[in-house]
Protein chains: 2
Amino acid sequence: MATLSFTSETVEMYLKSIAELELLTTPVAISQLAQRLGVSSPSVLEMVKRLAEQKLVTHTPYKGVSLTARGHSRALAVLRRHRLWERFLVDTLRLPWEAVHDYACQLEHAAAPAVVDALAQFLGEPDTCPHGNPIPDAKGAMPAETAIPLLTMEIGQSARLTNIIYEETILLEYLARRGLLPGAMLTLEDVAPYQGPLMVRVDGFDHPAALGREIAARVFVHVIE
Amino acid sequence: MATLSFTSETVEMYLKSIAELELLTTPVAISQLAQRLGVSSPSVLEMVKRLAEQKLVTHTPYKGVSLTARGHSRALAVLRRHRLWERFLVDTLRLPWEAVHDYACQLEHAAAPAVVDALAQFLGEPDTCPHGNPIPDAKGAMPAETAIPLLTMEIGQSARLTNIIYEETILLEYLARRGLLPGAMLTLEDVAPYQGPLMVRVDGFDHPAALGREIAARVFVHVIE
DNA sequence: CCTTTGAATTAGGTTGCCCTAATTGCAATT
DNA sequence: AATTGCAATTAGGGCAACCTAATTCAAAGG
Ligand SMILES: [Mn+2]
Ligand SMILES: [Mn+2]
Ligand SMILES: [Mn+2]
Ligand SMILES: [Mn+2]
């Protein structure tokens, strides 16, 4: 008999968040995770111990957590559902690009495998979410990142926006208002010193946008030429 | 400030189940609810007390529970989401008629109002679920039942199947195998005495189906003529 | 090497939702 | 009017996730 390991919504959110944070730093600090999930550090630590017991993560005391292979594939399954729902909400239901992230965060926990497969087929097996991030395939494989953060561009360079990582609705709303959607063409005009903002001209917009470094690290681009 | 009353998935299931059971008997017995939800009677009683505190139900000791107006409208909202998702799963994703009930039971708790509205619009504001039951409109209004239970038909009468109430996957599977879907034409051929089964001829099927009274009370029809 | 400081951890709760076993009460039957 | 059977209720737990306050630790700077 298979170990009937039901994964609660809460556990799925922990695993998904760890996967997202591992793209920035690894192992992931307890406090990072606490901030991302909006819960206290002791709560995270307690859950991390439960996850470690189930061999979904490894915890190095005073260092942080990392996903095991098992945990990683669990996380990718959630990410797949999340991004498929996002496509559905934008492409089929025509809901706003910056709002669907939150809606998908609810739906991602509530779709049986048969539903996910049928949804993917209906959508034409898309390979990116509306924010440009890759959708893992049914086996859990995901293409590696080829774009670079806008933060690492050089002044004067032009680029095409490819994707926005570490999605959060407030970030998406901010970027949408400035035309910074996947596919947008932009030019880095200036970088203020002392951790100051990046001035970015977006094609079709009159005024350049000022992006803090925090944000510029999450916006990925393909430089032209 | 509005009393931010988040309704958990569990509470939603209690309210929906009470609404469904009220169609059969009212007030709803604690043990009925316990059986429907697959939990113990003490658990139900405990929850019923919580629901009563929130003025979602009224509890008459040793009698049972009834929904208040507040509880009823909450329940109809869940039912609306459930039935809209069922339509989506059958019409758009082409999933099997008898399987979608369970899938929709997960999705019904995970759709923000904006998503529900957009989904209803995309589906063309349908007014019944794939099992023939009415979908409450956005304001929570639902047409009254006009069909009668197959159980109350007289021998020799013919009828068109309209809907199946008190949905459960095993029941739907049983009926699907015998062609008993909404729209099916049927004739009541015989009723065995002593609470015995009803023999029903279904158009397009060679052998008549034998339905227990429990089931015949849940299959609704419009008699011809 | 010692001190400092913020992150991690421990200690000790609470709440929601579930359980089994024991008891009580209602209502139907003798 | 007493009995009996089943449903309802009470009693006493359990576990997953959350919290705040107090303590301990590690890494960095003096
Ligand atoms: Mn989520
Ligand atoms: Mn996305
Ligand atoms: Mn449900
Ligand atoms: Mn249905």
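Order of the sequence lines fixes the chain letters, A, B, ..., with proteins taken first and strands second; residue numbering starts at 1 for each chain. All heavy atoms count here, side chains included; hydrogens, waters and symmetry mates do not. In this text the structure is predicted, and so the values were computed from the model without any measurement.
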query = Has the side chain of B:Arg70 got a donor or acceptor atom that lies under 3.5 Å from a matching backbone atom of B:Gln54?
reply = yes

query = Could you write nucleotides 19-27 of chain D as a row of B, S and -, 5' to 3', where a protein heavy atom under 4.0 Å of any base atom gives B, of only sugar-phosphate atoms gives S, and otherwise -?
reply = BBB---SSS

ask   = Taking atom C1' of D:dA16 as reference, at what distance in whole Å does atom CG of A:Leu56 sit?
value = 15 Å

query = Does B:Glu167 have any salt bridge (Lys or Arg N to Asp or Glu O under 4.0 Å) partners at least two apart in sequence or in another chain, and if so, which?
reply = none

key: Proximity to DNA chain D (any heavy atom under 4.0 Å), residues of residues 13-35 of chain B only   = B:Ala29, B:Ile30, B:Ser31

note = When rounded to whole Å, the NE2 to C1' distance for the pair A:His59 and C:dT10 reads 13 Å

query = Mind checking what makes side-chain contact (heavy atoms from CB on, under 4.5 Å) contact with B:Thr128, not counting sequence neighbours?
reply = B:Arg87

query = To the nearest Å, how far apart are A:Leu51 CG and D:dC18 P?
reply = 11 Å

ask   = Is the phosphate of C:dC17, meaning OP1 or OP2, less than 4.0 Å from a side-chain N or O of B:Arg50?
value = yes

task = Ignoring backbone atoms, establish whether A:Lys49 has a side-chain N or O less than 4.0 Å from OP1 or OP2 of D:dA17.
result = no

query = Atom CG of A:Leu45 and atom P of D:dA17: how far apart are they, to the nearest Å?
reply = 15 Å

note = Here the residues of residues 101-113 of chain B within 4.0 Å heavy-atom distance, strictly under, of DNA chain D are none

request  = Taking side-chain contact (heavy atoms from CB on, under 4.5 Å) as the test, write out the residues that go with A:Tyr166, two or more places apart.
outcome  = A:Leu21, A:Leu24, A:Arg36, A:Glu168, A:Arg218

query = Within this structure, what is the CD-to-P distance between B:Glu12 and C:dC17, rounded to whole angstrom?
reply = 11 Å

inquiry  = Run the salt bridge (Lys or Arg N to Asp or Glu O under 4.0 Å) test against A:Arg83 and tell me which residues pass, sequence neighbours left out.
reply    = none

Residue pairs involving residues 133-146 of chain A (criterion salt bridge (Lys or Arg N to Asp or Glu O under 4.0 Å); sequence neighbours excluded) = none

request  = With sequence neighbours left out, write down each residue that passes side-chain contact (heavy atoms from CB on, under 4.5 Å) with A:Arg213, or none if nothing qualifies.
outcome  = A:Leu151, A:Val191, A:Gln195, A:Leu198

note = Contacts of B:Asp102 meeting side-chain contact (heavy atoms from CB on, under 4.5 Å) (sequence neighbours excluded), chain-then-number -> B:Thr169

With B:Val219, the side chain to side chain contact (heavy atoms under 4.5 Å, CB included) member among B:Val200, B:Asn163, B:Leu150 = B:Leu150

ask   = salt bridge (Lys or Arg N to Asp or Glu O under 4.0 Å) with A:Glu22: which residues, sequence neighbours excluded?
value = none

Summary of ring pair (Phe, Tyr, Trp, His ring centres under 6.0 Å) pairs that have at least one residue in residues 65-90 of chain A, sequence neighbours excluded = A:His82-A:His101, A:Trp85-A:Phe88, A:Trp85-B:Trp85, A:Phe88-B:Phe88

